[in-house]
Amino acid sequence: MKTTIEQVCQALEENIDEKTRLNAQSFFKEKILYHGVKIPMVNKISKEFYQSIKELPKNEIFALCEELWKSGYSEESYIACNWSYYIHERYEPEDFAVFEGWVNEYVSNWASCDTLCNHTVGTFLEMYPEYITRLKEWAHSDNRWTKRAAAVTLIIPARKGLFLNDIFEIADILFNDPDDLVQKGYGWMLKAASEAHQKEVFDYVMAKKAAMPRTSLRYAIEKMPKELKALAMAK
């Protein structure tokens, strides 16, 4: 009898879309492993197989997630992210170490980074806000994905108006990072924060626009009114 992981991999292989497989690499600068399964189908497979594991203890579900991460394939990483988020009501403080380990060891592209951090890690931070200090440590990492993770973890909380001062602090830490994916990450975080705190984010951008990378600046002001965008972009 095949294991759950073997069944998941078989289901993915049976749903490969040739056009998706051929086009997948074009969305990434770094080399990725990708079966070529459309995201809606990946999510469908994720939900179907979750039904067979949802009664397992949390540590066993996390162990299955780890197996999926280890494969190196993007689709498996998305399923691991989904499964870890599905059990968010069971999160405990010590789970941060698990998520941190995945970010540092397995995340190797922006899609896996954002899928894990937007939902699993972001929800954890809302439940245990005292861990924001650990997130700020991520911003000082030498790992580009850990640095991006420090920002994109706060996307959904930022939209709710949470963590504003911490968002500015993380943006300050990442401010001059030369990596465009880190710049886009903290710019996106500022854009999300602007949905609830437009004036504060605008003031932050205006105070720093002379030195802010244009990539970050454009992301940060994307949802602002045209007149504010024009002021922010003016030299």
Side-chain angles (χ1 to χ4, degrees), residues 1-92 95-96 98-103 105-127 145 148-149 152-160 181 184-185 188 192:
M1 184 174 179
K2 291 186 176 180
T3 67
T4 299
I5 300 299
E6 288 172 335
Q7 292 174 33
V8 167
C9 292
Q10 181 178 334
L12 289 171
E13 289 170 4
E14 289 172 353
N15 285 280
I16 291 172
D17 175 77
E18 191 62 16
K19 185 177 179 181
T20 300
R21 187 184 69 80
L22 292 173
N23 292 339
Q25 184 60 59
S26 65
F27 295 98
F28 303 88
K29 292 181 180 179
E30 58 283 332
K31 183 69 177 174
I32 62 163
L33 286 175
Y34 209 93
H35 295 294
V37 183
K38 292 182 177 180
I39 295 299
M41 178 55 70
V42 173
N43 291 336
K44 182 173 183 288
I45 291 169
S46 176
K47 288 176 182 176
E48 287 177 355
F49 283 95
Y50 176 68
Q51 296 306 310
S52 67
I53 68 165
K54 65 181 182 180
E55 302 302 330
L56 292 175
K58 182 179 62 178
N59 66 312
E60 292 186 24
I61 295 175
F62 282 168
L64 290 171
C65 292
E66 185 115 6
E67 284 191 57
L68 290 167
W69 277 111
K70 285 178 179 177
S71 76
Y73 277 89
S74 294
E75 291 93 341
E76 273 94 324
S77 78
Y78 304 154
I79 292 173
C81 294
N82 287 343
W83 285 359
S84 63
Y85 175 68
Y86 292 160
I87 58 171
H88 65 268
E89 292 181 354
R90 291 197 252 168
Y91 290 170
E92 298 170 283
D95 296 332
F96 186 84
V98 175
F99 306 146
E100 185 174 56
W102 293 347
V103 170
E105 189 165 353
Y106 301 121
V107 169
S108 59
N109 60 72
W110 63 262
S112 293
C113 180
D114 298 358
T115 305
L116 175 63
C117 294
N118 284 178
H119 303 290
T120 295
V121 189
T123 299
F124 177 92
L125 258 292
E126 287 191 46
M127 294 171 67
W145 305 118
R148 182 179 171 95
V152 301
T153 288
L154 294 177
I155 298 300
I156 294 175
R159 289 173 180 159
K160 300 175 182 178
L181 287 171
K184 289 174 182 177
W188 182 20

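Numbers for residues simply follow the sequence, beginning at 1.
Note: Y78 OH to I39 CD1 = 5.0 Å, rounded to the nearest 0.5 Å. Between atom OG1 of residue T123 and atom CD of residue E89 there is a gap of 10.5 Å, rounded to the nearest 0.5 Å.
Take F27 and apply the ring-ring contact (aromatic ring centres under 6.0 Å, His included) test, not counting sequence neighbours, and it matches no residue. Scanning for side-chain hydrogen bond (donor to acceptor under 3.5 Å, both in side chains) contacts around Q51 gives K54, with sequence neighbours left out. Applying the side-chain hydrogen bond (donor to acceptor under 3.5 Å, both in side chains) test to T120 and every residue at least two apart in sequence or in another chain returns S84. Under the salt bridge (charged side-chain N to carboxylate O under 4.0 Å, His left out) criterion, K19 pairs with no residue at all, not counting sequence neighbours. Considering only residues two or more places apart in sequence or on other chains, N82 meets the side chain to side chain contact (heavy atoms under 4.5 Å, CB included) condition with N43, S46, Y86. Under the ring-ring contact (aromatic ring centres under 6.0 Å, His included) criterion, Y34 pairs with no residue, sequence neighbours left out. Annotation: side-chain hydrogen bond (donor to acceptor under 3.5 Å, both in side chains) contacts of T20 (sequence neighbours excluded): D17. For the side-chain hydrogen bond (donor to acceptor under 3.5 Å, both in side chains) test, no residue two or more places apart in sequence or in another chain qualifies with N15. The side chain to side chain contact (heavy atoms under 4.5 Å, CB included) search around S108 returns none, not counting sequence neighbours. With sequence neighbours left out, the side chain to side chain contact (heavy atoms under 4.5 Å, CB included) criterion links K58 to F62, I87, R90, E92, D95. Every residue meeting the salt bridge (charged side-chain N to carboxylate O under 4.0 Å, His left out) condition with E126, not counting sequence neighbours, appears here in chain and number order: K160.
Looking at W83 and I53, their side chains come closer than 4.5 Å, going by heavy atoms from C-beta outward. Side-chain contact between L64 and I5: present, with at least one pair of heavy atoms (C-beta onward) separated by less than 4.5 Å. Counting heavy atoms from C-beta on, the side chains of W69 and S112 come closer than 4.5 Å.
No donor-acceptor pair under 3.5 Å is formed between the side chain of D114 and the backbone N or O of V152. Between the side chain of E30 and the backbone N or O of N109, no donor-acceptor pair lies under 3.5 Å. Side-chain atoms of R148 come within 3.5 Å of backbone atoms of L181 as a donor-acceptor pair (strictly under, hydrogens ignored). The backbone N or O of L68 sits less than 3.5 Å from a side-chain atom of S71, completing a donor-acceptor pair.
Aromatic ring centres of Y50 and Y85: separated by at least 6.0 Å. Between Y73 and H35, the ring center distance clears the sub-6.0 Å criterion.
Contacts classified as salt bridge (Lys or Arg N to Asp or Glu O under 4.0 Å) and involving residues 60-86 (residues at least two apart or in different chains) are not found.
Scanning both residues, H119 and T115, for their nearest heavy atoms gives CD2-O, 3.6 Å. Closest non-hydrogen pair, I45 versus L12, comes out as CD1-CD2, 3.8 Å.
Between F99 and F124, the ring planes are perpendicular. Angles over 60° get that label, and only those under 30° would be called parallel.
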Stepwise, does the side-chain contact (heavy atoms from CB on, under 4.5 Å) test hold for F96 with Y91? CA-CA 9 Å; F96 186 84; Y91 290 170; over 6 Å; no
May I have the step-by-step check of side-chain contact (heavy atoms from CB on, under 4.5 Å) for S74 and L33, ending in yes or no? CA-CA 6 Å; S74 294; L33 286 175; 5.9 Å; no
Intermediate values then yes/no, side-chain contact (heavy atoms from CB on, under 4.5 Å), C65 and W102: CA-CA 10 Å; C65 292; W102 293 347; 3.7 Å; yes
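At a cut-off of 3.5 Å, with distance as the only test, no side-chain donor of Q10 or E6 sits close to an acceptor on the other residue.
Atom CD of E18 is surrounded by more than 12 heavy atoms from other residues, nucleotides or ligands within 6.0 Å.
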